[in-house]
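This report refers to the structure that appears directly beneath it.
Order of the sequence lines fixes the chain letters, A, B, ..., with proteins taken first and strands second; residue numbering starts at 1 for each chain.
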2 protein chains.
Amino acid sequence: MYSQSEENYLKAIYHLEESSEKGVSTSKLSEELQTKAASVTEMLKRLAEKKLVNYQKYYGVSLTPKGKSWALAIIRKHRLWEYFLVECLNFNWDEVHEVAEQLEHIQSKKLVEELDCFLGRPSFDPHGDPIPNAAGVLPEFKKRRLSEFKVGDTLICKGFSDASSSFLQFLDQHKIGLDTLLSIKSIQEFDESMLVKVRNNEIMLSKTATQNIFVEIYKESKLKEKV
Amino acid sequence: MYSQSEENYLKAIYHLEESSEKGVSTSKLSEELQTKAASVTEMLKRLAEKKLVNYQKYYGVSLTPKGKSWALAIIRKHRLWEYFLVECLNFNWDEVHEVAEQLEHIQSKKLVEELDCFLGRPSFDPHGDPIPNAAGVLPEFKKRRLSEFKVGDTLICKGFSDASSSFLQFLDQHKIGLDTLLSIKSIQEFDESMLVKVRNNEIMLSKTATQNIFVEIYKESKLKEKV
DNA sequence: AATATTATTTAGCTTTGCCTAAAAATTTTA
DNA sequence: TAAAATTTTTAGGCAAAGCTAAATAATATT
């Protein structure tokens, strides 16, 4: 249907749209895809013709619903194959990416659906990334406390259990809100307080605080399990 | 390492070398690959540069040892994937070809070896075609056509040379598959069609059909040789 | 507000792999 | 064995997807 190259652009745009609030620029894309800006411009024009992206010269790009659903289909395939490689073929989770990059472009509805079924319809790939279902819907993440995680993990805030105004004011001061990204820099052993990076600032959170912040995994550290 | 297109040429040359005694001509290749003779000529020059084929203008082409071993690697992948699709993903044997054509080009030594291991190192794919091992060696099997046998012989199906989906569906309808037992009840002299017993049913097979079914002897008749 | 810097686009070139039409070589046939 | 028929190759184009260098638009600086 679409070329591998086109699919890679859709996937890259999707990932960049997810990971940054701002629109997706030509240069960001060229960096992501290890290609030159001029090549990106060309491709964006092609993708816009095919109604897969909204593209305005000099003002970046975004996916149309059609483009987004195609991107999700690729991501679904990628993550299912990663799961297969790790669970069935003894791959390590740091070896799967390259091969999954190839497998994600195989075209066959039946293949994907049967693979999904064969694997037991997993919701998360070996990196903890969510696997969209056949309709392109991502699974719900279960809320977990920030205090459960380990150094190196990157997390998205999904809720706060202590609704006291002093706690909320504290969060406000540090610009922590819904969908804020946090990454854990270090954990003090004696009181389990965490040094956390938020928008290029590093702040210290007490155990009381980390127990009251619900997060979802954004990216898990490759370090061995904490416990 | 090599492009999909180059790999498809190698595979096609391999198959044509196997199936006809004569050398492989430009026009045979263009027919096999559904492409024009002029395109074939071009590609053969490229493949010759890369030492994958011996090519002499106007006099056809043959694989070098390097080309042959690459072709066998592709065929190995193709047949392993077909086995996977049928055994693990509920594909019918007449549905697998198209997808295997894509999967055979995935580049990853580890993937192929682990898949082979996962599947239990099968020797034959769902059509009964032999699967080369990692060194490119084909399992022994003597191909004899059902049409070579005589009344009273009992045989085991070991492969089917016409992989068209209509032929495979015909076999399915009569519940003939790999390892199915057949015994020859009678042979019509005028058109060499056979009346064959399969699981208590008797069915009529045309000469075309019996020439495309490979068998091994299960029990030979004590009658005199047919020929 | 004008200029400098940076980002983006355009223009023109390359390679792969396909095409058609024309030319050349081989094979067939008379 | 020479002409006719067929096969193969060459020549010249096209589209995808990349590149570099030059031009242009947007943003930042003073």
Sugar-phosphate only, base, or nothing, as touched by A:Y2 at under 4.0 Å among non-hydrogen atoms: nothing

Between protein and nucleic acid, restricted to nucleotides 1-5 of chain C and to nitrogen or oxygen atoms under 3.5 Å apart, what atom pairs and distances do you find?
none

Sugar-phosphate, base or nothing in reach of B:S27, heavy atoms under 4.0 Å: sugar-phosphate

Per-nucleotide protein contact string for nucleotides 14-28 of chain C (B base, S sugar-phosphate only, - none; heavy atom under 4.0 Å): ---BBBB----SS--

By side chain to side chain donor-acceptor pair (under 3.5 Å) - contacts of B:D172 (at least two apart): B:W93

Donor-acceptor contact present, side-chain B:E17 to main-chain B:G23, <3.5 Å: no

B:K28 NZ: over 12 foreign heavy atoms closer than 6.0 Å: no

Flag, side chain of B:T35 to backbone of B:E31, donor-acceptor distance under 3.5 Å: no

Over-ring placement of A:K68 relative to A:Y14, 6.0 Å and 45° cut-offs: no

Touch class at under 4.0 angstrom, heavy-atom based, for A:T26 against every strand present: sugar-phosphate

Passing option when A:M194 is tested against A:I213, A:L182, A:I187 for side chain to side chain contact (heavy atoms under 4.5 Å, CB included): A:I187

N-O pairing of B:E113 and B:R76 below 4.0 Å: yes

Six-ring centre of B:Y2, B:K50 cation under 6.0 angstrom, axis tolerance 45°: no

Sugar-phosphate, base or nothing in reach of A:K28, heavy atoms under 4.0 Å: nothing

